[in-house]
Number of protein chains: 2
Amino acid sequence: MTEMSSVSRPAPMEGGGAYNRSSSVQAAGLSPAVPLFEQAAKTVQLPITPTPIVIADYGSSEGRNSLAPMSAAIRTLRNRVDPECAISVVHTDLAGNDFSALFQTLADDSDSYLRNNDAVFVSAVGRSFYEQILPSDSVTLGWSSWALQWLSRMPAPIPDQVHVNATRDATVRATYFRQANEDWRTFLKNRGRELRHGGQLVVLTMALDDNGDFGLRPLAKALYGALLGLADEGFIRPDEIKRMAIPMVSRSKEELAAPFSENEQFAGLSMIHLHVFNSEDQNWLAFKTDHDAKKFGARWAAFARASVFPTLALGLDGGRDDPRAAQFVNKFEDGMAVRLAAAPEPMRIPLANIVLVKNAS
Amino acid sequence: MTEMSSVSRPAPMEGGGAYNRSSSVQAAGLSPAVPLFEQAAKTVQLPITPTPIVIADYGSSEGRNSLAPMSAAIRTLRNRVDPECAISVVHTDLAGNDFSALFQTLADDSDSYLRNNDAVFVSAVGRSFYEQILPSDSVTLGWSSWALQWLSRMPAPIPDQVHVNATRDATVRATYFRQANEDWRTFLKNRGRELRHGGQLVVLTMALDDNGDFGLRPLAKALYGALLGLADEGFIRPDEIKRMAIPMVSRSKEELAAPFSENEQFAGLSMIHLHVFNSEDQNWLAFKTDHDAKKFGARWAAFARASVFPTLALGLDGGRDDPRAAQFVNKFEDGMAVRLAAAPEPMRIPLANIVLVKNAS
């Protein structure tokens, strides 16, 4: 285990079901990856019975957004194996993730893959996917959605911003992209160990579009603006903002392909699909229908709150236990919502779809 | 899934590390079962490589008390298999259990079996062990400690008490013991499915001693007394106490053996060891050394708080979200501590050690 202070590592998504409730942008973004996962389930090499089929979901948060891809894969696999053949789904996330919300979702949600599915089992692993966290050669199908843009740690403070894509500091930018390249390789190495020969892994992650644009500019602007607003009113100190950073990098197509360029293989994996696309902005679509600017702002603010606020709150003087933490996220969310409602505009959301296969021995 | 209101089901142990901190009585009580588990690891039939060895820990809470038995089993198994042979430990508990505390314990505790152990993996399942929660024929070694006295549900209110062992109502008592017998069989049936042929399961659970005594009488008295005290001062209503009950039964040796009496087998399992013993009262031993009655009371009150208060709090008018919930557990703990400190006396803690083996096919 590397030694890092809690500030320098990203925090899990907001608990108590908040991420489940406020991740419809992610749900829409990942939907084009579901047919890829279904296709993987159709073509993947299966273990010989009675070895159970293991599906790993790397970066599950509270599970709501994993139900569609897992159900699709289970349905497809069930057509290929006996009804009594066990299929195990392992959801992984950071130790601090709200696994109770995950298990409750699987017990209660009408779309849960545990419903009407005998011989399907669920478990969870609360460890970073930048380590090997499952036995070697044990995973048949892997899925990772909206998770890999999170780095293993914050490689440096960002003096003038909280997201590296907005900084003017070229050195900081280079440091983050170097960390992103290293983390991508670490991720691949560990999945290369965990996947069975012939196993497949589908990854959906935030990306840079062909112009090198991260997208989500109005969101990033509202986010930093709202933070400065909280400092202006004296609720937080400028020094606290300086400690805040989102250890997140959207990689370019070239960076995602780079590990595979030399031998067409990396860590025993081949990349059989790589596609960068622009996801539809669900909140903008809703605004074009309801013309409700307030709702538009509230939706994007809730997206930011559930995903990046827990990490930003670590920068408060008292960290996650700071007495202002609860009020901080509420005021921060309000500040963002007001800014985004003032001038609604559509956002670009560049994402990458990747399919990897472990080379059959 | 059976439909039950949240009041009628037991709640998980107190979260935030409280159970880890306040379960030294349980740690002492389970220690005689560790050599049995070690012996099981020595003699159990192992799967053929590369099938991973799975150890299941049924009712783990936050994991602190599982470290010693898991480490002992892993050490023993490692002597029998190659260093690269994967050993997977699956900790199970109710969905609402604090799995973050569990994963944090495994990452940070100096006694964690993940330290200095390659090819050992951890996962968790947040589902009741009164269902099948792991694939059939997948578990090599099973462990369950201080968990099986919890029933699957509260079968009836207890009008004059909160623990069935203290009630004078024979009908209520019979209802609880009937539920306990049914639950024991349900537990065995599901473990019978999950264990591999030749797999072994060690169970430590609260029991009745040979005189039919549940023990812990001063504790039960202080617990009910403190509740009445809270009603006397108007902090809770008598009706709320009426809704409170601990769905827990200590079974007799005869009841534990009963499923096996007819065919010497039940659900494919044989009982190869059953021993009822009286566990040493750690808190009394400490009192005999430090003569600190206040500490004695505080220790036992913390024991009750971490284990049974979450379930009792469900009886408040607002259930787990009752605005008085936090103050209720603090005042309740204080009330118990004062009562127990007033007249320290040793407690009997009858426990049963059981070893079951799945019959090799």
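Each chain gets a letter, A, B and so on, in the order the sequences are listed, and its residues count up from 1.
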*Residue among A124(B), A86(B), S136(B) with most heavy-atom pairs under 4.5 Å to chain A*: A124(B)
*Heavy atoms only, distances under 4.5 angstrom: which of S123(A), S88(A), S138(A) has the most pairs with chain B? Name it, please.*
S123(A)
*Return the minimal non-hydrogen interatomic distance between S100(B) and F99(A), and the atom names on each side.*
OG-CD1, 4.4 Å
*For atom CG of D118(B), decide whether the heavy atoms of other residues, nucleotides or ligands shown that lie under 6.0 angstrom number more than 12.*
no
*Select one option (side chain, backbone, both, neither) describing which atoms of A119(B) are under 4.5 Å from chain A's heavy atoms.*
neither
*asked:* Tell me which of these, N97(A), L134(A), L106(A), I87(A), has more heavy-atom pairs under 4.5 Å with chain B than the rest.
replied: L134(A)
*chain A contact via E84(B) - which portion, at a heavy-atom distance below 4.5 Å*: neither
*Taking all atoms of both residues into account, what is the closest heavy-atom pair of F103(B) and A95(A), and its distance?*
CB-CB, 3.8 Å
*asked:* Just so I understand: if I count every heavy-atom pair under 4.5 Å between each of T51(A), D93(A), V122(A) and chain B, which residue has the most?
replied: V122(A)
